[in-house]
Asks: 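Sharing a structure here in structure tokens format.
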Amino acid sequence: MRISWITEDPTPATVNYGTSPGKYGFSASGSTSSYQYVMYQSGEIHDVVIGPLKPQTIYYYRCGSDSAPEFSFKTPPPQLPIRFAIAGDLGQTEWTSSTLEHISQSNYDVLLLPGDLSYADTNQPVWDSFGRLVQPLASQRPWMVTQGNHEIEKIPIIHSDTFTSYNGRWHMPFEDSGSDSNLYYSFDVAGVHVIMLGSYTDFGSSSAQYGWLKADLKKVDRKKTPWVVVLIHAPWYNSNTAHQGERESIDMKASMEDLLYGARVDVIFAGHVHAYERFTRVYKGQANNCGPVHITIGDGGNHEGLATKFLDPQPNISVFREASFGHGELEVVNATHAQWTWHRNDDDELVASDTVWLRNLTSDPACEV
């Protein structure tokens, strides 16, 4: 588990941890970095990897000095079942707070975020306030993220680099999956292989990301990880009037859809559109029983509000769509079945506003590759 935290003053990049409150039998040290963005100088960003850890175990830990507060987190299970919470385009509004409150009640194991985190949009202190907002949850469970357009933060002439703050603050384990970029990577958890793709870095057939994805899919052992889940930011399928015709959707789909279809990817989650929409299994614009289910879950609560206008009539491949804030949960029950539920913030957490059972594609004889 990687633990990252930020301080104003220098402190040791050390995490003390153990399985009982106040008793830290283990210790690990890491690195400290910082970044400059125009006139803004970040705090001290500490980055420590701890382990090996036991699965499905609560660990208590303290970051830096002996006077630091104690936190705790729970490691994911070693095998199925596992529950993912999924929310995109979070931001920092009252809607966001409601989404996080719902997620905190869901007893999830890992959170997946398909891009657009803080909505700092070059205003760097907003990254700090986002960290404080999500800390109660992100300190307790693994949060795995990929980037969206709001993470780019490039200013012509003044700040020519992209993803400076995102890469500085949200270091994902890309090296472990053979990726050369924090913008795309993969990891295994329980019986699920999760692939995080970058909608805002090169994705053409000659790109490093394409080559990495092709190699990563070849390495997947569906006996060990029967489920394969992919996250992107800009949706490849979308019947909302918002974000139609963008190259990050159209060109990335044209480049990579064949790869994911051929690998029998089970589900593809996206954000970007501030609404919820679930498609049937689809490939090349048509319903296809061996294609992935596409789900847009960009309704986490950001300040831009909801995308309330959908195309009329509703396409046949679009099964459920609604412009409400909320989050989703993917409970992978076993090697063959998973349940997806969408929970709108207006309802009690126990109420599922949309739900569907998914069958793993490798368990369907008709979809054998």
Side-chain angles (χ1 to χ4, degrees), residues 83-89 99 102 106 112 114-115 192 194 199 227-246 249-250 252-253 256-257 260-261 263-300 306-333 336-347 349-364 366-367:
R83 177 177 292 184
F84 297 94
I86 305 173
D89 302 69
T99 301
H102 277 70
S106 70
L112 305 177
V192 184
V194 181
S199 298
W227 293 85
V228 178
V229 171
V230 171
L231 271 74
I232 55 179
H233 184 63
W236 295 355
Y237 291 93
N238 168 31
S239 76
N240 196 290
T241 59
H243 297 302
Q244 288 291 337
E246 294 180 0
S249 296
I250 296 168
M252 190 179 190
K253 173 174 172 282
M256 293 181 164
E257 188 175 29
L260 300 189
Y261 175 77
R264 296 297 184 256
V265 166
D266 294 291
V267 194
I268 298 176
F269 293 100
H272 202 38
V273 175
H274 302 157
Y276 169 69
E277 184 166 20
R278 173 171 61 86
F279 290 83
T280 188
R281 293 198 174 279
V282 61
Y283 174 59
K284 291 197 181 297
Q286 303 290 324
N288 186 308
N289 290 335
C290 299
V293 172
H294 284 257
I295 294 174
T296 300
I297 188 81
D299 57 340
L306 291 165
T308 55
K309 293 181 181 175
F310 287 96
L311 300 173
D312 189 29
Q314 183 170 355
N316 290 335
I317 56 173
S318 173
V319 180
F320 188 106
R321 57 186 191 174
E322 183 179 314
S324 294
F325 291 116
H327 76 282
E329 294 167 28
L330 180 67
E331 182 155 16
V332 185
V333 178
T336 58
H337 287 81
Q339 185 179 34
W340 164 256
T341 52
W342 173 62
H343 302 251
R344 64 166 83 86
N345 288 352
D346 292 341
D347 297 330
E349 165 60 20
L350 296 174
V351 177
S353 309
D354 178 39
T355 182
V356 63
W357 279 92
L358 304 174
R359 183 181 174 189
N360 180 276
L361 286 179
T362 56
S363 67
D364 184 348
C367 296

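Just so it is clear, the structure is predicted and the values come from calculations on it, not from any experiment.
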Asks: Can you tell me if CG on N289 sees more than 12 non-hydrogen neighbours from other groups inside 6.0 Å?
Replies: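 Counting neighbours around CG of N289, 12 or fewer heavy atoms of other residues, nucleotides or ligands fall under 6.0 Å, so no.
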Asks: Can you measure from CD1 (I86) to OG (S106) and round to the nearest 0.5 angstrom?
Replies: 10.5 Å
Asks: In Å, rounded to the nearest 0.5 Å, how long is the span from CG of L361 to OH of Y261?
Replies: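 Between L361 CG and Y261 OH, I get 9.0 Å after rounding to 0.5 Å.
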Asks: What's the separation between atom CH2 in W342 and atom OG1 in T296, rounded to the nearest 0.5 Å?
Replies: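 Result: 12.0 Å between the selected atoms.
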Asks: Find the distance between CD (E349) and OG1 (T341) and round it off to the nearest 0.5 Å.
Replies: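 The CD atom of E349 sits 7.5 Å away from the OG1 atom of T341.
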Asks: Could you measure the distance from the CD atom of E331 to the NE2 atom of H337? Nearest 0.5 Å is fine.
Replies: 13.5 Å
Asks: Is there side-chain contact between V273 and P235, with heavy atoms separated by less than 4.5 Å?
Replies: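 Of all side-chain heavy-atom pairs linking P235 with V273, at least one is under 4.5 Å.
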Asks: Would a line drawn from the ring center of W340 to the ring center of F269 be shorter than 6.0 Å?
Replies: yes
Asks: Do you know the tightest heavy-atom contact between D89 and H274?
Replies: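 Taking D89 first and H274 second, the nearest heavy atoms are OD2-NE2, 3.3 Å.
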Asks: Does F279 have R281 sitting over its ring (NZ/CZ under 6.0 Å from centre, angle to axis within 45°)?
Replies: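 Ring-cation test returns no.
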Asks: For a side-chain contact (heavy atoms from CB on, under 4.5 Å) with D354, tell me which candidate from R278, R321, E322 qualifies.
Replies: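 Only match with D354 under side-chain contact (heavy atoms from CB on, under 4.5 Å): R278.
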Asks: Check the pair H327 / H102 against side chain to side chain donor-acceptor pair (under 3.5 Å), numbers first and verdict last.
Replies: CA-CA 8 Å; H327 76 282; H102 277 70; 5.8 Å; no
Asks: Just verifying a value: how many Å separate F310 CZ and S318 OG, rounded to the nearest 0.5 Å?
Replies: 7.5 Å
Asks: Can you tell me how the ring of H272 sits relative to the ring of H243, calling it parallel under 30°, perpendicular over 60° and tilted otherwise?
Replies: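 The arrangement is parallel - the two ring planes meet at less than 30°.
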Asks: Compare all side-chain heavy atoms of Q286 with those of N288 and state whether any distance is below 4.5 angstrom.
Replies: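 Result no, sub-4.5 Å side-chain heavy-atom pair not found.
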Asks: Look at the side chain of S199 and the backbone N and O of H233, then say whether any donor-acceptor pair between them is shorter than 3.5 Å.
Replies: yes
Asks: Provide the closest heavy-atom pair for A242 versus A307 in the form atom of the first, atom of the second, distance.
Replies: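 Smallest interatomic distance, heavy atoms only, reads CB-CB, 3.9 Å.
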Asks: Within a radius of less than 6.0 Å around CG of D347, do more than 12 heavy atoms belonging to other residues, nucleotides or ligands occur?
Replies: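 More than 12 within 6.0 Å, yes.
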Asks: Please walk me through it: do V228 and R264 pass side chain to side chain contact (heavy atoms under 4.5 Å, CB included)?
Replies: CA-CA 8 Å; V228 178; R264 296 297 184 256; over 6 Å; no
Asks: Would you please test S239 and E277 for side chain to side chain donor-acceptor pair (under 3.5 Å) and show each step?
Replies: CA-CA 8 Å; S239 76; E277 184 166 20; 2.4 Å; yes
Asks: Can you find a pair of side-chain heavy atoms, one from V282 and one from W236, that are under 4.5 Å apart?
Replies: no
Asks: Do Y276 and I295 have side chains that approach each other closer than 4.5 Å (heavy atoms only, starting at C-beta)?
Replies: yes
